[in-house]
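First comes the structure, then the notes that go with it.
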Amino acid sequence: MNVLALITQGDAVTGLVAVLLLAMSVASWVVIVWKAWLLQRASGDVARSTAVFWQSTAITDAQQKVAAFDREALVLPLITATNLQASGTLASAGDKSQQLTRVLRDALHAVLNKLQHGQVLLATVGSTAPFVGLLGTVWGIYHALVGMAAAGQITIDKVSGPVGEALIMTAAGLAVAIPAVLAYNIFGRRINRIEADLEGFARDLRELLLSRKD
């Protein structure tokens, strides 16, 4: 008997747990496939975009060239954020160094939030799916034992079937959690590498703009 069979043949609690595990599995795999594609593009785009930026002759020329390579809009927001405007507001208060630090920090946080999207779901699935499966197992065993006690005579062959079916929930919970945990760790390392590249670019960009004569 598999999880789908438990959905259709089990009681309400067993069916609910099985549906929840199935939903968690589908959601995590959608995120895994999407983030694998996103981070693959992002790592290549960041490398190409920063390279073409430093090969450009001017900031305006660099913006146009980077826009053609930066498909996930990870580098371009950092460049665009440095277009400081004196508007008389608190955002324009302070010297140029302070303004650049503030706008680059805000732009970097927005970009990193985009890269981190979906990580919370993977972490949640990885940490909770085993317990959801365990809940289904405990309930299934309890329900099976109550049913057999009501039937009268209890033998090993009558116990092994229902208990084995209930234990499927534990295996299902682990099957849902393990890919989510692995993906979370792998994606976390890739995001950290991209983050380091973006932070380095933001720092170099700030130093470049501060060294220019207005």
Side-chain angles (χ1 to χ4, degrees), residues 1-49 69-78 105-144 161-201:
M1 180 180 290
N2 53 31
V3 176
L4 292 177
L6 290 174
I7 295 176
T8 58
Q9 299 178 20
D11 63 359
V13 175
T14 302
L16 179 61
V17 170
V19 168
L20 182 58
L21 287 175
L22 183 61
M24 293 170 74
S25 179
V26 171
S28 63
W29 275 107
V30 169
V31 171
I32 289 171
V33 172
W34 169 70
K35 283 194 70 72
W37 173 78
L38 172 69
L39 295 178
Q40 181 66 30
R41 281 166 54 103
S43 59
D45 286 356
V46 169
R48 287 188 291 268
S49 297
F69 291 95
D70 193 20
R71 294 171 295 180
E72 299 300 328
L74 300 175
V75 177
L76 192 60
L78 301 179
R105 181 187 62 233
D106 293 342
L108 186 60
H109 286 169
V111 168
L112 295 180
N113 285 337
K114 182 187 299 184
L115 291 175
Q116 291 285 349
H117 190 70
Q119 288 291 94
V120 172
L121 185 142
L122 293 178
T124 302
V125 171
S127 60
T128 60
F131 296 102
V132 174
L134 184 60
L135 172 63
T137 295
V138 171
W139 178 260
I141 292 175
Y142 167 76
H143 188 69
V163 171
E165 293 170 0
L167 289 174
I168 292 176
M169 285 296 188
T170 299
L174 293 174
V176 172
I178 291 173
V181 171
L182 291 176
Y184 176 84
N185 291 331
I186 293 172
F187 293 156
R189 288 195 295 270
R190 298 187 67 178
I191 290 171
N192 288 339
R193 287 197 294 267
I194 297 173
E195 179 180 352
D197 292 339
L198 290 172
E199 288 179 347
F201 175 75

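Worth knowing before you read on, the calculation uses all heavy atoms, side chains too, and leaves out hydrogens, waters and symmetry mates.
- Taken from CG in Asp106 to CG in Leu78, the straight-line distance is 11.0 Å, to the nearest 0.5 Å.
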Practice item. Evaluate side chain to side chain contact (heavy atoms under 4.5 Å, CB included) for Leu74 paired with Lys114, printing each intermediate quantity in order. Key: CA-CA 9 Å; Leu74 300 175; Lys114 182 187 299 184; 4.1 Å; yes

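- Screening residues 164-188 for ring pair (Phe, Tyr, Trp, His ring centres under 6.0 Å) gives no qualifying pairs among residues at least two apart or on separate chains.
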**Study point:** Stepwise side chain to side chain contact (heavy atoms under 4.5 Å, CB included) check, Arg48 with Arg71
**Key:** CA-CA 11 Å; Arg48 287 188 291 268; Arg71 294 171 295 180; 3.4 Å; yes

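- For Ser49 (side chain) and Val46 (main-chain N/O), no donor-acceptor pair under 3.5 Å exists by modelled atom type.
- Across all non-hydrogen atoms, the minimal contact from Ala18 to Met169 is CB-CE, 3.6 Å.
- For Leu198 against Val75, the heavy-atom pair with the smallest separation is CD2-CG2, 4.0 Å.
- The nearest pair of heavy atoms linking Gly126 to Ala180 is N-CB, 3.9 Å.
- Glu199 contributes atom CD, which lies 12.5 Å from atom CZ of Arg105 (distance to the nearest 0.5 angstrom).
- When all heavy atoms of Pro77 and Asp70 are compared, the pair lying nearest together is CD-OD2, 4.1 Å.
- The minimum heavy-atom distance between Ile32 and Ala183, with the atom names listed, is CG1-CB, 3.6 Å.
- Counting heavy atoms from C-beta on, the side chains of Ile191 and Gln119 come closer than 4.5 Å.
- The CG atom of Asp45 sits 11.5 Å away from the CG atom of Leu39 when rounded to the nearest 0.5 Å.
- Side-chain atoms of Thr137 come within 3.5 Å of backbone N or O of Thr170 as a donor-acceptor pair.
- Once rounded to the nearest 0.5 Å, the distance linking CD1 of Ile186 with NZ of Lys35 reads 12.5 Å.
- Of all heavy-atom pairs spanning Gly118 and Val31, the tightest one is O-CG1, 3.7 Å.
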Practice item. Output, in order, the C-alpha distance, side-chain angles, deciding distance and verdict of side chain to side chain contact (heavy atoms under 4.5 Å, CB included) for Glu72 and Leu38. Key: CA-CA 8 Å; Glu72 299 300 328; Leu38 172 69; 3.1 Å; yes

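- Proximity of a side-chain donor or acceptor of Ser25 to a complementary backbone N or O of Leu21 within less than 3.5 Å is not detected.
- Within the 4.5 Å cutoff, the side chain of Arg189 has heavy atoms near those of the Asn185 side chain.
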**Study point:** Test log, rule side chain to side chain contact (heavy atoms under 4.5 Å, CB included), inputs Arg190 and Leu115
**Key:** CA-CA 10 Å; Arg190 298 187 67 178; Leu115 291 175; over 6 Å; no

